[in-house]
Amino acid sequence: MKIERIEVRRLRLPLRFPFETSFGRTTAKDFLLVSASADGVTGYGECVADDDPYYLPETNGTVLHLLRDFLVPLVLGRELGHPRELRTLFARVRGHEMAKAALEMAAFELLARRQAVPLYRVLGGRGGVIASGVSIGLQKDVGELLDKVAAEKEAGYRRIKIKIKPGHDRELVSAIRDRYPELPLMVDANSAYSLSDAPLFREMDAHRLMMVEQPLAFDDIVDHATLQRQIDTPVCLDESIHSAEDARRALDLGACRVVNVKVGRVGGFTEAAMVHDVCRARGVPVWCGGMLESGIGRLANVHLQTLPGFTLPGDTAASARYFEEDLVDPPVVVAADGTIAVPEGPGIGHEIVWPRVERATTFREEWRC
Ligand code: OSB
Ligand code: MG
(Lines give C-alpha, C1' and ligand atoms only; values in the text may rest on other atoms or scores of the structure.)
(Ligands and ions follow the chains in the order given, each with its own letter.)
Protein backbone atom coordinates (compact mmCIF):
# COMPACT_ATOMS: atom_id res chain seq x y z
CA MET A 1 0.00 0.00 0.00
CA LYS A 2 0.97 3.59 -0.54
CA ILE A 3 0.08 6.13 2.16
CA GLU A 4 -0.95 9.30 0.32
CA ARG A 5 -2.24 11.42 3.21
CA ILE A 6 -1.20 11.85 6.83
CA GLU A 7 -3.02 14.10 9.26
CA VAL A 8 -2.21 15.02 12.83
CA ARG A 9 -4.68 16.58 15.22
CA ARG A 10 -4.07 17.82 18.70
CA LEU A 11 -6.96 17.03 21.04
CA ARG A 12 -7.87 17.99 24.55
CA LEU A 13 -10.22 15.87 26.63
CA PRO A 14 -10.97 16.79 30.25
CA LEU A 15 -10.37 13.95 32.71
CA ARG A 16 -13.24 13.12 35.07
CA PHE A 17 -10.75 12.96 37.96
CA PRO A 18 -7.23 14.37 38.21
CA PHE A 19 -4.58 11.64 37.93
CA GLU A 20 -1.64 12.14 40.28
CA THR A 21 1.71 10.33 40.20
CA SER A 22 5.14 10.95 41.69
CA PHE A 23 5.96 13.10 38.62
CA GLY A 24 2.87 15.32 38.57
CA ARG A 25 -0.85 15.79 38.36
CA THR A 26 -2.91 15.64 35.14
CA THR A 27 -6.38 17.14 34.80
CA ALA A 28 -6.84 16.80 31.03
CA LYS A 29 -5.63 14.46 28.33
CA ASP A 30 -3.81 16.61 25.75
CA PHE A 31 -2.61 14.38 22.91
CA LEU A 32 -1.99 13.92 19.20
CA LEU A 33 -4.06 11.70 16.93
CA VAL A 34 -2.42 10.57 13.69
CA SER A 35 -4.42 9.45 10.64
CA ALA A 36 -2.90 7.67 7.64
CA SER A 37 -4.86 7.16 4.40
CA ALA A 38 -4.38 4.92 1.38
CA ASP A 39 -6.89 4.28 -1.42
CA GLY A 40 -9.63 6.10 0.46
CA VAL A 41 -9.24 4.06 3.67
CA THR A 42 -7.95 5.76 6.83
CA GLY A 43 -6.31 4.26 9.92
CA TYR A 44 -5.76 5.92 13.31
CA GLY A 45 -2.92 5.96 15.82
CA GLU A 46 -3.10 7.71 19.19
CA CYS A 47 0.14 9.22 20.44
CA VAL A 48 0.93 8.77 24.16
CA ALA A 49 3.12 11.86 24.54
CA ASP A 50 1.92 14.49 27.01
CA ASP A 51 2.23 18.23 26.87
CA ASP A 52 5.19 18.00 29.28
CA PRO A 53 8.34 15.81 29.48
CA TYR A 54 7.78 14.60 33.08
CA TYR A 55 7.13 10.91 32.42
CA LEU A 56 9.59 10.54 29.52
CA PRO A 57 11.42 13.15 27.38
CA GLU A 58 9.00 13.33 24.43
CA THR A 59 6.22 15.95 24.34
CA ASN A 60 3.44 16.82 21.88
CA GLY A 61 5.79 19.50 20.57
CA THR A 62 8.70 17.13 19.90
CA VAL A 63 6.36 14.56 18.33
CA LEU A 64 4.93 17.15 15.95
CA HIS A 65 8.45 18.23 14.98
CA LEU A 66 9.58 14.63 14.36
CA LEU A 67 6.47 13.84 12.32
CA ARG A 68 6.66 17.00 10.22
CA ASP A 69 10.41 17.07 9.59
CA PHE A 70 11.50 13.42 9.63
CA LEU A 71 8.88 10.65 9.84
CA VAL A 72 6.12 11.85 7.51
CA PRO A 73 8.62 12.52 4.66
CA LEU A 74 9.93 8.94 5.05
CA VAL A 75 6.46 7.42 4.72
CA LEU A 76 4.41 9.62 2.39
CA GLY A 77 4.09 8.15 -1.12
CA ARG A 78 6.36 5.19 -0.38
CA GLU A 79 5.23 1.71 -1.47
CA LEU A 80 4.90 -0.33 1.75
CA GLY A 81 4.62 -4.11 1.68
CA HIS A 82 3.58 -4.16 5.35
CA PRO A 83 3.46 -1.65 8.24
CA ARG A 84 6.20 -3.64 10.01
CA GLU A 85 8.60 -2.08 7.47
CA LEU A 86 8.18 1.27 9.24
CA ARG A 87 10.29 0.01 12.14
CA THR A 88 13.26 -0.44 9.79
CA LEU A 89 12.50 2.75 7.90
CA PHE A 90 12.47 4.73 11.18
CA ALA A 91 15.57 3.02 12.66
CA ARG A 92 17.90 5.80 11.54
CA VAL A 93 15.99 8.24 13.76
CA ARG A 94 17.27 7.73 17.29
CA GLY A 95 14.79 7.76 20.13
CA HIS A 96 11.43 9.53 19.62
CA GLU A 97 9.58 6.26 20.13
CA MET A 98 6.21 7.92 20.81
CA ALA A 99 6.33 9.81 17.51
CA LYS A 100 7.30 6.67 15.57
CA ALA A 101 4.64 4.61 17.31
CA ALA A 102 1.76 6.99 16.56
CA LEU A 103 2.42 6.81 12.81
CA GLU A 104 3.19 3.06 12.80
CA MET A 105 -0.01 2.35 14.77
CA ALA A 106 -2.04 4.35 12.24
CA ALA A 107 -0.50 2.26 9.43
CA PHE A 108 -1.40 -1.02 11.21
CA GLU A 109 -4.93 0.20 11.87
CA LEU A 110 -5.19 1.20 8.22
CA LEU A 111 -4.06 -2.27 7.13
CA ALA A 112 -6.67 -3.94 9.36
CA ARG A 113 -9.42 -1.70 7.96
CA ARG A 114 -8.31 -2.37 4.37
CA GLN A 115 -8.50 -6.09 5.04
CA ALA A 116 -11.77 -5.59 6.99
CA VAL A 117 -10.37 -7.55 9.96
CA PRO A 118 -9.99 -6.66 13.64
CA LEU A 119 -6.64 -5.14 14.55
CA TYR A 120 -5.64 -8.21 16.58
CA ARG A 121 -5.54 -10.24 13.34
CA VAL A 122 -2.79 -8.13 11.81
CA LEU A 123 -0.92 -8.21 15.15
CA GLY A 124 -1.04 -12.01 15.41
CA GLY A 125 -3.43 -12.08 18.37
CA ARG A 126 -6.81 -13.75 18.95
CA GLY A 127 -10.41 -12.87 19.71
CA GLY A 128 -12.22 -13.31 23.03
CA VAL A 129 -11.60 -11.31 26.18
CA ILE A 130 -8.62 -9.82 28.01
CA ALA A 131 -8.15 -9.43 31.78
CA SER A 132 -8.33 -5.86 33.03
CA GLY A 133 -6.43 -4.20 35.87
CA VAL A 134 -6.61 -0.67 37.19
CA SER A 135 -4.12 2.04 38.14
CA ILE A 136 -5.11 4.29 41.05
CA GLY A 137 -3.33 7.65 41.36
CA LEU A 138 -2.09 9.26 44.57
CA GLN A 139 -5.07 10.33 46.71
CA LYS A 140 -5.62 13.05 49.32
CA ASP A 141 -5.28 10.60 52.20
CA VAL A 142 -5.34 6.91 53.09
CA GLY A 143 -9.13 6.98 53.63
CA GLU A 144 -9.76 8.21 50.07
CA LEU A 145 -7.39 5.59 48.71
CA LEU A 146 -9.20 2.81 50.59
CA ASP A 147 -12.52 4.06 49.16
CA LYS A 148 -11.09 3.95 45.62
CA VAL A 149 -9.66 0.47 46.15
CA ALA A 150 -13.04 -0.74 47.45
CA ALA A 151 -14.84 0.71 44.41
CA GLU A 152 -12.41 -0.77 41.86
CA LYS A 153 -12.41 -4.16 43.58
CA GLU A 154 -16.22 -4.05 43.48
CA ALA A 155 -16.10 -3.15 39.77
CA GLY A 156 -14.31 -6.47 39.16
CA TYR A 157 -10.77 -5.42 38.19
CA ARG A 158 -8.42 -8.40 38.31
CA ARG A 159 -5.49 -6.47 39.78
CA ILE A 160 -5.06 -3.13 41.52
CA LYS A 161 -2.03 -0.90 41.14
CA ILE A 162 -1.45 2.13 43.32
CA LYS A 163 0.97 4.96 42.75
CA ILE A 164 3.52 5.63 45.47
CA LYS A 165 6.11 8.32 46.16
CA PRO A 166 8.51 8.98 49.06
CA GLY A 167 6.50 9.60 52.21
CA HIS A 168 3.42 8.00 50.63
CA ASP A 169 4.33 4.34 50.37
CA ARG A 170 4.47 1.85 53.27
CA GLU A 171 1.39 3.19 55.09
CA LEU A 172 -0.69 3.06 51.87
CA VAL A 173 0.30 -0.53 51.16
CA SER A 174 -0.17 -1.72 54.73
CA ALA A 175 -3.61 -0.07 55.01
CA ILE A 176 -4.76 -1.88 51.86
CA ARG A 177 -3.18 -5.17 52.95
CA ASP A 178 -4.82 -4.97 56.41
CA ARG A 179 -8.21 -4.77 54.75
CA TYR A 180 -7.60 -7.07 51.75
CA PRO A 181 -4.96 -9.70 52.59
CA GLU A 182 -5.39 -11.54 49.27
CA LEU A 183 -5.96 -8.68 46.81
CA PRO A 184 -3.71 -8.88 43.71
CA LEU A 185 -1.88 -5.63 44.46
CA MET A 186 1.16 -3.83 43.05
CA VAL A 187 2.79 -0.40 43.31
CA ASP A 188 4.24 1.99 40.70
CA ALA A 189 6.81 4.60 41.82
CA ASN A 190 7.53 6.22 38.42
CA SER A 191 11.22 6.55 39.27
CA ALA A 192 10.78 8.41 42.56
CA TYR A 193 13.34 6.43 44.62
CA SER A 194 17.04 5.63 44.67
CA LEU A 195 19.10 2.65 45.74
CA SER A 196 19.38 4.10 49.24
CA ASP A 197 15.66 3.26 49.60
CA ALA A 198 16.36 -0.50 49.31
CA PRO A 199 15.45 -1.02 53.01
CA LEU A 200 11.96 0.37 52.32
CA PHE A 201 11.41 -2.13 49.51
CA ARG A 202 12.79 -4.96 51.67
CA GLU A 203 10.25 -3.98 54.30
CA MET A 204 7.47 -4.03 51.70
CA ASP A 205 8.36 -7.64 50.76
CA ALA A 206 6.20 -8.60 53.75
CA HIS A 207 3.11 -7.29 51.92
CA ARG A 208 3.43 -9.84 49.11
CA LEU A 209 3.01 -7.36 46.27
CA MET A 210 2.75 -8.80 42.75
CA MET A 211 5.55 -6.44 41.76
CA VAL A 212 7.04 -2.98 42.23
CA GLU A 213 7.06 -0.95 39.00
CA GLN A 214 9.96 1.35 38.07
CA PRO A 215 11.14 2.26 41.56
CA LEU A 216 14.45 3.81 40.39
CA ALA A 217 15.66 6.22 37.70
CA PHE A 218 13.83 6.36 34.35
CA ASP A 219 17.02 5.56 32.41
CA ASP A 220 18.52 2.97 34.75
CA ILE A 221 18.85 -0.79 34.66
CA VAL A 222 22.03 -1.24 36.73
CA ASP A 223 20.62 -0.03 40.07
CA HIS A 224 17.37 -1.89 39.40
CA ALA A 225 19.44 -5.08 39.09
CA THR A 226 21.12 -4.34 42.43
CA LEU A 227 17.73 -3.68 44.03
CA GLN A 228 16.21 -6.84 42.55
CA ARG A 229 19.00 -8.90 44.13
CA GLN A 230 18.11 -7.40 47.52
CA ILE A 231 14.33 -7.90 47.51
CA ASP A 232 11.89 -10.79 46.97
CA THR A 233 9.18 -8.70 45.28
CA PRO A 234 9.59 -8.83 41.49
CA VAL A 235 10.73 -5.56 39.92
CA CYS A 236 8.80 -4.52 36.80
CA LEU A 237 10.33 -2.02 34.37
CA ASP A 238 8.29 0.61 32.54
CA GLU A 239 10.22 3.84 31.78
CA SER A 240 13.57 2.04 31.22
CA ILE A 241 12.38 -0.18 28.34
CA HIS A 242 12.29 1.35 24.84
CA SER A 243 13.00 -1.70 22.67
CA ALA A 244 13.30 -5.47 22.59
CA GLU A 245 17.06 -4.99 22.99
CA ASP A 246 16.47 -2.95 26.16
CA ALA A 247 14.31 -5.79 27.48
CA ARG A 248 16.99 -8.38 26.65
CA ARG A 249 19.69 -6.34 28.36
CA ALA A 250 17.53 -5.73 31.44
CA LEU A 251 16.75 -9.44 31.71
CA ASP A 252 20.40 -10.44 31.14
CA LEU A 253 21.34 -8.14 33.99
CA GLY A 254 18.54 -9.30 36.30
CA ALA A 255 17.10 -5.77 36.48
CA CYS A 256 13.48 -7.02 36.49
CA ARG A 257 11.31 -10.14 36.52
CA VAL A 258 8.29 -8.57 34.78
CA VAL A 259 8.03 -6.14 31.86
CA ASN A 260 5.39 -3.45 31.24
CA VAL A 261 4.89 -2.99 27.48
CA LYS A 262 3.56 0.30 26.12
CA VAL A 263 3.35 0.53 22.35
CA GLY A 264 4.11 4.25 22.43
CA ARG A 265 7.15 3.87 24.67
CA VAL A 266 8.79 1.24 22.43
CA GLY A 267 8.11 2.83 19.02
CA GLY A 268 5.18 0.81 17.69
CA PHE A 269 3.33 -2.48 17.52
CA THR A 270 6.20 -4.28 15.77
CA GLU A 271 8.69 -3.46 18.52
CA ALA A 272 6.04 -4.14 21.21
CA ALA A 273 5.53 -7.63 19.79
CA MET A 274 9.32 -8.12 19.78
CA VAL A 275 9.55 -7.09 23.46
CA HIS A 276 6.76 -9.59 24.09
CA ASP A 277 8.66 -12.30 22.19
CA VAL A 278 11.95 -11.72 24.06
CA CYS A 279 10.14 -12.00 27.39
CA ARG A 280 8.00 -14.96 26.40
CA ALA A 281 11.03 -16.94 25.22
CA ARG A 282 12.46 -16.56 28.73
CA GLY A 283 9.20 -17.20 30.57
CA VAL A 284 9.07 -13.59 31.79
CA PRO A 285 5.49 -12.28 32.10
CA VAL A 286 4.54 -9.10 30.28
CA TRP A 287 1.51 -6.87 30.67
CA CYS A 288 0.25 -3.85 28.79
CA GLY A 289 0.65 -0.44 30.41
CA GLY A 290 -1.68 2.50 29.95
CA MET A 291 -1.26 6.24 29.38
CA LEU A 292 -4.79 7.48 30.14
CA GLU A 293 -5.59 6.92 26.46
CA SER A 294 -8.82 7.89 24.76
CA GLY A 295 -10.82 4.97 23.36
CA ILE A 296 -8.70 4.92 20.20
CA GLY A 297 -5.42 4.16 21.98
CA ARG A 298 -7.25 2.14 24.63
CA LEU A 299 -8.68 -0.24 22.02
CA ALA A 300 -5.25 -0.53 20.37
CA ASN A 301 -4.02 -1.76 23.77
CA VAL A 302 -6.92 -4.23 24.00
CA HIS A 303 -5.94 -5.82 20.67
CA LEU A 304 -2.24 -5.98 21.54
CA GLN A 305 -3.01 -7.82 24.77
CA THR A 306 -4.40 -10.79 22.87
CA LEU A 307 -0.83 -11.93 22.13
CA PRO A 308 -0.09 -15.06 24.20
CA GLY A 309 2.66 -13.63 26.44
CA PHE A 310 0.33 -11.07 28.07
CA THR A 311 -0.32 -13.34 31.03
CA LEU A 312 -0.97 -10.61 33.62
CA PRO A 313 -3.84 -8.07 33.69
CA GLY A 314 -2.81 -4.73 32.16
CA ASP A 315 -3.61 -1.09 32.94
CA THR A 316 -6.45 -1.00 30.38
CA ALA A 317 -9.54 0.05 32.33
CA ALA A 318 -13.03 1.28 31.37
CA SER A 319 -13.38 4.57 29.44
CA ALA A 320 -15.81 5.83 32.10
CA ARG A 321 -13.03 5.99 34.70
CA TYR A 322 -11.35 8.71 32.64
CA PHE A 323 -13.83 10.51 30.39
CA GLU A 324 -17.38 11.83 30.55
CA GLU A 325 -17.62 11.04 26.83
CA ASP A 326 -15.02 8.88 25.09
CA LEU A 327 -14.13 9.36 21.42
CA VAL A 328 -15.40 5.88 20.55
CA ASP A 329 -18.86 4.37 20.61
CA PRO A 330 -19.47 2.10 22.37
CA PRO A 331 -16.95 3.14 25.03
CA VAL A 332 -14.56 0.53 26.47
CA VAL A 333 -16.41 -1.31 29.23
CA VAL A 334 -15.21 -3.80 31.82
CA ALA A 335 -17.51 -6.71 32.67
CA ALA A 336 -18.30 -7.73 36.27
CA ASP A 337 -15.68 -10.51 35.98
CA GLY A 338 -12.96 -7.93 35.20
CA THR A 339 -12.65 -8.68 31.49
CA ILE A 340 -12.88 -6.55 28.34
CA ALA A 341 -14.37 -8.10 25.19
CA VAL A 342 -12.01 -7.90 22.21
CA PRO A 343 -13.88 -6.11 19.37
CA GLU A 344 -14.54 -8.06 16.17
CA GLY A 345 -15.16 -5.08 13.86
CA PRO A 346 -12.51 -3.81 11.39
CA GLY A 347 -9.47 -2.02 12.87
CA ILE A 348 -9.88 -0.95 16.50
CA GLY A 349 -13.45 -2.21 16.12
CA HIS A 350 -15.51 0.60 17.70
CA GLU A 351 -16.84 3.64 15.82
CA ILE A 352 -14.96 6.91 16.22
CA VAL A 353 -17.47 9.67 17.09
CA TRP A 354 -16.36 12.48 14.75
CA PRO A 355 -18.36 15.34 16.25
CA ARG A 356 -16.61 14.63 19.57
CA VAL A 357 -13.20 14.51 17.87
CA GLU A 358 -13.95 17.84 16.15
CA ARG A 359 -15.02 19.44 19.42
CA ALA A 360 -11.83 18.27 21.16
CA THR A 361 -9.49 19.35 18.32
CA THR A 362 -7.29 22.37 19.06
CA PHE A 363 -4.90 22.09 16.09
CA ARG A 364 -4.75 20.22 12.78
CA GLU A 365 -2.11 19.76 10.09
CA GLU A 366 -2.00 17.45 7.08
CA TRP A 367 0.46 16.32 4.48
CA ARG A 368 -0.27 14.80 1.06
CA CYS A 369 1.90 13.45 -1.70
O1 OSB B 1 3.53 4.74 34.84
O2 OSB B 1 2.10 3.42 34.05
C3 OSB B 1 2.47 4.57 34.29
C4 OSB B 1 -0.29 7.06 33.39
C5 OSB B 1 0.45 8.05 32.79
C6 OSB B 1 1.81 7.92 32.70
C7 OSB B 1 2.44 6.79 33.23
C8 OSB B 1 1.70 5.78 33.83
C9 OSB B 1 0.31 5.94 33.95
C10 OSB B 1 -0.55 4.98 34.63
C11 OSB B 1 -2.02 5.02 34.28
O12 OSB B 1 -0.18 4.24 35.51
C13 OSB B 1 -2.49 3.86 33.49
C14 OSB B 1 -3.86 4.14 32.92
O15 OSB B 1 -4.82 4.08 33.68
O16 OSB B 1 -3.95 4.42 31.71
MG1 MG C 1 4.42 2.86 35.16
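First listed ligand is number 1; within each ligand, the first listed atom is number 1.
- For the Mg ion (ligand 2), the set of protein N/O/S atoms nearer than 2.8 Å consists of Asp188 OD2, Glu213 OE2, Asp238 OD2, ordered by chain and number.
- A salt bridge does not link Glu104 with Arg87: every distance from a Lys NZ or Arg NE/NH1/NH2 to an Asp or Glu carboxylate oxygen is 4.0 Å or more.
- When all heavy atoms are compared, the tightest approach of Leu307 to Leu123 is CD2-O, 3.3 Å.
- Under the 4.0 Å criterion applied to side-chain N and carboxylate O atoms, Glu109 and Arg113 are assigned as salt-bridge partners.
- Residue Tyr180 qualifies as enclosed at atom OH: its count of foreign heavy atoms under 6.0 Å is above 12.
- Taking the ring-ring contact (aromatic ring centres under 6.0 Å, His included) definition, one finds that Tyr157 meets it with nothing, sequence neighbours left out.
- Looking at residues two or more places apart in sequence or on another chain, you find a side chain to side chain contact (heavy atoms under 4.5 Å, CB included) between Ser135 and Phe19, Lys161, Lys163, Asp315.
- For the residue pair Tyr55/Asp238, the side-chain donor-acceptor check at 3.5 Å is satisfied.
- Salt-bridge check for Asp51 with Arg12: failed, with every basic side-chain N at 4.0 Å or more from each acidic carboxylate O.
- Protein neighbours of ligand 1 below 4.0 Å, counting non-hydrogen atoms: Phe19, Phe23, Tyr55, Ser135, Lys161, Lys163, Asp188, Asn190, Glu213, Asp238, Lys262, Gly290, Met291, Leu292, Asp315, Tyr322.
- Under the 4.0 Å criterion applied to side-chain N and carboxylate O atoms, Arg249 and Asp246 are assigned as salt-bridge partners.
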